[in-house]
Amino acid sequence: CEETAYSLDTAADGESAWAALESSHQPYDLVILDRMMPVLDGMALLKRMKGDARFADIPVIMQTAAAAPDQVREGLAAGAY
């Protein structure tokens, strides 16, 4: 069995996640967001990412307890999986 090396970064809030994206010397392959993060919520961070050419193509998975159909549609429409 071959092992694949990967690294994982975490952030306590959306602003910290944005700072990590901007300061990384290696591009991220995937971002997992919580819709209900403090300081800058997941939807705002997702919209910021998709509006920035440096990060627009990074796949984003939105994990959330917000399960109302309109909340799910909003996340999908903004570019999350």
Side-chain angles (χ1 to χ4, degrees):
C1 175
E2 282 187 42
E3 291 186 29
T4 303
Y6 63 90
S7 63
L8 175 68
D9 292 330
T10 61
D13 59 65
E15 283 295 343
S16 297
W18 180 252
L21 283 166
E22 288 193 304
S23 66
S24 178
H25 299 291
Q26 293 281 347
Y28 285 89
D29 295 317
L30 173 71
V31 172
I32 300 174
L33 295 178
D34 185 346
R35 183 183 177 104
M36 295 184 229
M37 293 187 297
V39 184
L40 179 69
D41 70 24
M43 284 303 301
L45 179 55
L46 175 61
K47 290 175 183 177
R48 189 181 285 185
M49 287 177 63
K50 295 304 178 181
D52 189 313
R54 297 172 297 171
F55 312 120
D57 292 332
I58 299 173
V60 176
I61 296 173
M62 184 77 70
Q63 172 63 39
T64 183
D70 60 324
Q71 293 171 314
V72 174
R73 276 192 297 275
E74 181 184 24
L76 292 172
Y81 292 96

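Since we're looking at a predicted model, the values are computed, not measured. Both backbone and side-chain heavy atoms feed into the values below; hydrogens, waters and symmetry mates do not.
Not counting sequence neighbours, the partners of Ser16 by the side chain to side chain donor-acceptor pair (under 3.5 Å) test are Asp13. For Pro59, the side-chain contact (heavy atoms from CB on, under 4.5 Å) test picks out Leu30, Tyr81, with sequence neighbours left out. For Lys47, the salt bridge (charged side-chain N to carboxylate O under 4.0 Å, His left out) partners are Glu74, not counting sequence neighbours.
For residues 16-34, the pairs satisfying salt bridge (charged side-chain N to carboxylate O under 4.0 Å, His left out) are Glu22-Arg54, with sequence neighbours left out.
Other residues sharing the hydrophobic cluster of Met49, ordered by chain and number and joined by side-chain separations under 4.5 Å: Trp18, Leu21, Tyr28, Val31, Leu33, Met37, Leu40, Met43, Leu45, Leu46, Phe55, Ile58, Val60, Met62.
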